[in-house]
2 protein chains.
Amino acid sequence: MSMKNVPDIVVGRLPLYLRALSFLGEEGRQVTSSQELGQKLGISPAQIRKDLSHFGEFGKQGTGYDIKYLSEQLRRILKVTEEREVALVGAGDLGRALIHYEGFAGKGFRIALVFDSNPQKIGQTIGPFEVLDSESIETIVADRGIEMAIVAVPASAAQDVVDALVRAGVRAILNYAPITVKVPAGVQVQYIDPVIHLQKMTYYL
Amino acid sequence: MSMKNVPDIVVGRLPLYLRALSFLGEEGRQVTSSQELGQKLGISPAQIRKDLSHFGEFGKQGTGYDIKYLSEQLRRILKVTEEREVALVGAGDLGRALIHYEGFAGKGFRIALVFDSNPQKIGQTIGPFEVLDSESIETIVADRGIEMAIVAVPASAAQDVVDALVRAGVRAILNYAPITVKVPAGVQVQYIDPVIHLQKMTYYL
DNA sequence: TAGATTGTTAATCGATTAACAATC
DNA sequence: TAGATTGTTAATCGATTAACAATC
């Protein structure tokens with residue numbers, strides 16, 4: 001199904017295209033062009049057309065791209081047409097923020113389980129969730145067939161949590177802990193660390 | 001002061017090197033090598049040496065790098081030897097999580113001001129902060145000479161907040177709102193959006 | 001038709017890697 | 001010394017851009 005050999009960096013831009021298209025759609029727009037998208041995203045029009053050409057032909061010469069159609073195609077390519085269940089580990093401040101975050105809806109994800117290892121938090125109710133014991137990650141996540149997880153625990157706990165998730169069959173992890181974790185081949189990890197982003201910028205100040 | 005023309009992508013890796021060195025230091029280690037760092041970060045040793053060579057010579061043949069010394073040099077290069085004050089806009093769940101986040105300490109940043117536009121939140125105390133009215137961003141941030149900010153408001157409010165920050169003299173913004181914002185040349189923006197990271201990974205599932 | 005914009009090719013540009021002399 | 005690892009060069013690899021025929 002997925003095209004032969006699309007560079008990672010190209011795949012990484014598709015979600016940005018999809019997000020920009022969503023905004024245009026919400027503004028009631030019907031069509032757009034590689035030029036307009038590029039303008040909004042700070043990416044050259046040529047690059048956008050080249051990126052899309054890895055997956056097919058989605059535009060019309062002289063007209064541009066139908067926003068709804070291209071959005072559908074990108075959702076299909078990215079496999080976010082359905083909402084996937086995501087396990088969240090860590091019910092601290094960040095975990096709570098993620099539970100209450102409304103930005104997942106309609107973008108392909110839904111938090112389905114929440115774990116924490118703190119006995120004071122286990123059993124507690126946060127939003128629509130009862131916090132489960134992290135000890136049960138392996139059994140519950142595996143039973144439910146969940147493939148994605150978000151790790152929002154302290155750095156010291158992150159590797160153990162990731163190991164448990166991997167044993168449970170999770171194949172994609174978004175890690176908020178400020179540590180590079182080890183995972184077997186075939187398991188993907190993405191990192192979010194505000195310090196890293198801030199430090200990148202101070203160099204240029 | 002800053003070296004001629006170091007590629008962005010190289011600058012972007014320096015914080016990762018610094019973070020890895022910090023961990024090694026905390027483990028009591030004295031020296032490391034490009035090979036070990038590469039192993040931990042999933043980056044080739046040659047690339048690490050090349051990256052560092054943009055800024056000087058920090059290692060010893062046959063031995064490797066003194067962890068403390070290289071850390072100091074990287075902190076100097078990244079300009080995170082002192083703690084910079086950061087303005088936080090948005091005192092919702094995410095804002096609270098950032099206020100309570102302990103990972104900024106010692107990494108070069110300290111949240112110094114917190115703003116929100118919700119009258120119910122203004123004046124409230126969160127951790128050590130009184131929440132200030134977003135209307136006062138321009139005056140207060142400018143008075144205090146703050147150059148960096150974190151935006152943790154809904155997408156619909158983000159551009160206005162960014163505009164106010166820019167008018168206040170902020171030159172580096174970490175934006176958690178899922179929207180690409182417009183800023184004048186000379187102002188940097190970094191983005192954190194969990195949906196984007198998750199969507200990148202589903203492609204490979 | 002005239003104007004606009006795609007998809008694609010070829011050229012350019014830049015980043016990564018392999019290899020090794022230098023040297024600790 | 002022998003072994004290890006740096007800093008750097010040159011080669012390779014890959015990504016971006018410019019340009020344009022095709023065509024809506």
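Chain identifiers are assigned alphabetically (A, B, ...) following the order of the sequence lines, protein sequences preceding nucleic acid strands; residue numbering begins at 1 within each chain.
Closest non-hydrogen pair, Ala112(A) versus Arg144(A), comes out as CB-NH2, 3.9 Å. Contact record, Ile179(B) with Ala158(B): CG2-CB, 3.8 Å, taken as the closest heavy-atom pair.
Between the CZ atom of Phe55(B) and the P atom of dT6(D) there is a distance of 17 Å, rounded to whole Å. Atom CG in Leu52(A) sits about 15 Å away from atom C1' in dT16(D), given to the nearest Å. Put simply, CD on Glu57(B) is 10 Å from P on dC24(C), counting in whole angstrom units. Protein atom CG of Asp8(B) is 13 Å distant from nucleotide atom C1' of dA15(C), rounded to whole Å. His54(A) has its NE2 atom 8 Å from the P atom of dA15(D), to the nearest Å.
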Table please: side-chain donor-acceptor pairs of residues 38-49 of chain B below 3.5 Å, with sequence neighbours left out.
{"unit_1": "Ser44(B)", "atom_1": "OG", "unit_2": "Gln47(B)", "atom_2": "N", "d": "3.1"}
{"unit_1": "Gln47(B)", "atom_1": "OE1", "unit_2": "Arg13(B)", "atom_2": "NH1", "d": "3.4"}
{"unit_1": "Arg49(B)", "atom_1": "NH1", "unit_2": "Ser34(B)", "atom_2": "OG", "d": "3.1"}

Could you go through residues 94-106 of chain B and list every donor-acceptor pair under 3.5 Å that involves a side-chain atom there, pairing it with any protein atom two or more places apart or in another chain?
{"unit_1": "His100(B)", "atom_1": "ND1", "unit_2": "Asp93(A)", "atom_2": "OD2", "d": "3.4"}
{"unit_1": "His100(B)", "atom_1": "ND1", "unit_2": "Arg96(B)", "atom_2": "O", "d": "3.1"}

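Between the side chain of Gln199(B) and the main chain of Leu78(A), no donor-acceptor pair closer than 3.5 Å is present. Side-chain atoms of Glu138(A) never come within 3.5 Å of backbone atoms of Arg167(A) as a donor-acceptor pair (strictly under, hydrogens ignored).
Annotation: Glu83(B), atom CD; neighbour count of heavy atoms from other residues, nucleotides and ligands within 6.0 Å is above 12. Within 6.0 Å of the CD atom in Gln35(A), the count of heavy atoms belonging to other residues, nucleotides or ligands does not exceed 12. Counting non-hydrogen atoms of other residues, nucleotides and ligands closer than 6.0 Å to CD of Gln30(B) gives a total of 12 or fewer.
Listed by first and then second residue, the ring-ring contact (aromatic ring centres under 6.0 Å, His included) pairs that reach into residues 146-167 of chain B come to none, sequence neighbours excluded.
For the atom pair CG of Leu165(A) and CE of Met148(A), the computed distance is 12.0 Å after rounding to the nearest 0.5 Å. Separating the CG atom in Leu174(A) from the CD1 atom in Ile192(A) is a distance of 4.5 Å, to the nearest 0.5 Å. Here Tyr176(B) contributes atom OH and Asp193(B) contributes atom CG; the two are 11.0 Å apart, rounded to the nearest 0.5 Å. Here Thr202(A) contributes atom OG1 and Ile77(B) contributes atom CD1; the two are 11.5 Å apart, rounded to the nearest 0.5 Å.
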Chi angles and distances behind the side-chain contact (heavy atoms from CB on, under 4.5 Å) call for Ile173(A), Val181(A) = CA-CA 10 Å; Ile173(A) 295 170; Val181(A) 293; 6.0 Å; no

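Two residues, Asp51(A) and Ser53(B), neighbour DNA chain D, and the one matched to the more 5' nucleotide by heavy-atom proximity is Ser53(B).
The side-chain contact (heavy atoms from CB on, under 4.5 Å) test applied to Glu72(A) returns Lys68(A), Tyr69(A), Arg75(A), not counting sequence neighbours. Residues passing the side-chain contact (heavy atoms from CB on, under 4.5 Å) test with Val11(A), sequence neighbours excluded: Val6(A), Tyr203(B), Tyr204(B). When the side-chain contact (heavy atoms from CB on, under 4.5 Å) test is applied to Glu147(A), the partners found at least two apart in sequence or on another chain are Arg84(A), Arg171(A), Leu205(B).
For the segment residues 12-23 of chain B, no residue has any heavy atom less than 4.0 angstrom from an atom of DNA chain D. For DNA chain C, the neighbouring residues in residues 58-66 of chain A, judged by any heavy atom under 4.0 Å, are Phe58(A), Gly59(A), Lys60(A), Gln61(A), Gly62(A), Thr63(A), Gly64(A), Tyr65(A). Residues of residues 41-48 of chain B that place a heavy atom closer than 4.0 Å to DNA chain C, in numerical order, are Ser44(B), Ala46(B), Gln47(B). The stretch residues 25-37 of chain A does not touch DNA chain D, since none of its heavy atoms comes less than 4.0 Å from the strand.
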Watson-Crick and G-U pairing of DNA chain C written in dot-bracket, each distance under 3.5 angstrom, with | for inter-strand partners | ..||||||||||||||||||||||

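Taking only side-chain nitrogens and oxygens, Arg49(A) comes nearer than 4.0 Å to OP1 or OP2 of dT6(C).
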Restricting to nitrogen or oxygen on both sides, can you table the protein-nucleotides 9-14 of chain C pairs closer than 3.5 Å?
none

